[in-house]
Structures are given as structure tokens and as C-alpha cells.
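One structure below.
Nothing fancy with the numbering, it's 1 onward along the sequence.
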Amino acid sequence: GHYRRALQSAGEAITLSTSSADPSIRGSAQLACRNAYTRLGEYRAAINQLQAAQEDSRRAGLPYLEAESLRQQAYIAIRQGEYAAAVKYYNQSLVICQAHAYPLGQAYALSGLGNVSLVGERPSDARRAYEAALQIYAAIGDQVGATTTQDNTATTYWAEGDYGQAEKI
């Protein structure tokens, strides 16, 4: 029930956003629809909203929302076991964030690449991505992101059987 109500509210926000001068409102509402559709298991509808958000964001010159749309598409790809697609989306997001000097988005994309690598049983690749993300989180002072990424890095050592190194983190 809650997700259906959230979806209805987000849909109303999308409709109302057409009269707004701020295109980020529509993009934010489209991302909210993605969340509700994903929770309901309606992945195709979620992807449709994200692709619309991505295109709208690109046209409106909102690279941060475009990058977020790509990261969310990667999230759904992971849930569907489509790891190559997830890597593609995270890499596209990373390129946009690098081009627009958006370090938090870069860290998010790198963390996502680490997650995909870990799920794909490539812990060394995951660790490299997490370490790059950790440097960014530390540089921008994001303690929550840094702590989560440190935990993920430790998981890569556990996956390789290096329990001593995992415990050091």
C-alpha cells in the first residue's frame, strides 16, 4: 500500500513539474517513482522512469541528476543479475561526475563498481574501486561514506581469505 501511494504522489509531482521552471523537480520525482517501482518488483517501469529522468536531465543540463539516473539503472541491473549492464551504467555515471567535478557522485559510482565486482567474485577489482572511493570520501569529509567503504574493503579481504588484513581495517 505505501509504495503504491508513493508512486501516485510521485506521478502527481511529475505532472505538476511540467509547469515549473525548475527541471530538477521532475527528475527528482522520476527518481522517486523508480524507488517505488523497484520495491514493487516492477523493474521495467522503474527503468522507463530512469531513462526518462536521464534524458530529461541531459536536456536540462543537470549532470548530477543524469549521473544519479545512471547509478539507479545500475542498481536495478544488479538486482536482475545483469552485472555487465551495471558496470556500464556505473562507468557512464563516473565519467559524467568526473567531467563536472562532482566528487561525491564519483565516490558513489566507484562504490557501485566495487559492489558489482564483489558480487561478481572479483574481490581485487572491488578493493581497487573501494579504495579509490575511500580516498574521495576522506577528501570531502564524508565519514559515513568512508566508514561504509572501509567495511566493504574489509569484505574484499575476507572474500580472499586474508582474515588478518580484514581485521586491520
* Would you call the rings of Tyr64 and Tyr102 parallel, tilted or perpendicular, where under 30° means parallel and over 60° means perpendicular? -> perpendicular
Working to the nearest 0.5 Å, report the span between [atom1] of [X] and [atom2] of [Y].
X: Thr149; Y: Ile169; atom1: OG1; atom2: CD1; value: 11.0 Å
X: Leu70; Y: Ile96; atom1: CG; atom2: CD1; value: 5.0 Å
X: Gln143; Y: Thr148; atom1: CD; atom2: OG1; value: 11.0 Å

Are [X] and [Y] side-chain neighbours, meaning at least one heavy-atom pair lies under 4.5 Å?
X: Tyr137; Y: Ser111; result: yes
X: Gln165; Y: Glu160; result: no
X: Tyr75; Y: Gln80; result: no
X: Tyr83; Y: Ile78; result: yes

Where is the tightest heavy-atom contact between [X] and [Y], given as atom of each residue plus distance?
X: Val116; Y: Ala86; value: CG2-CB, 3.8 Å
X: Ala101; Y: Pro103; value: O-CD, 3.2 Å
X: Ser57; Y: Leu65; value: OG-CB, 3.2 Å
X: Gln106; Y: Ile136; value: CB-CD1, 3.8 Å
X: Ala107; Y: Ala133; value: O-CB, 3.7 Å
X: Ala159; Y: Leu118; value: CB-CD1, 4.3 Å

Could you see if [X] belongs to whatever hydrophobic cluster contains [Y]? Use Ile, Leu, Val, Met, Phe, Trp, Tyr and a side-chain cutoff under 4.5 Å.
X: Leu110; Y: Leu134; answer: no
X: Leu113; Y: Val119; answer: yes
X: Tyr90; Y: Val95; answer: no

* May I ask you to check if Arg71 and Tyr89 form a cation-pi contact, with NZ or CZ under 6.0 angstrom from the six-membered ring centre and within 45° of the axis? => no
Give the table of side-chain donor-acceptor pairs shorter than 3.5 Å for residues 39-55, with sequence neighbours excluded, one pair per line with atom names and distance.
| unit_1 | atom_1 | unit_2 | atom_2 | d |
| --- | --- | --- | --- | --- |
| Glu42 | OE2 | Arg4 | NH1 | 3.3 |
| Glu42 | OE2 | Arg4 | NH2 | 2.4 |
| Tyr43 | OH | Arg79 | NE | 3.2 |
| Tyr43 | OH | Arg79 | NH2 | 3.4 |
| Arg44 | NE | Asn48 | OD1 | 3.4 |
| Arg44 | NH2 | Asn48 | OD1 | 3.3 |
| Asn48 | ND2 | Arg44 | O | 3.4 |
| Gln54 | OE1 | Gln73 | NE2 | 2.8 |
| Glu55 | OE1 | Arg58 | NE | 3.4 |
| Glu55 | OE1 | Arg58 | NH2 | 2.9 |

* Donor-acceptor contact present, side-chain Ser93 to main-chain Ala67, <3.5 Å -> yes
* Donor-acceptor under 3.5 Å (Tyr130 side chain, Asn115 main chain) -> yes
* **Any side-chain donor near an acceptor of the partner, Thr153 and Glu131, under 3.5 Å** => no
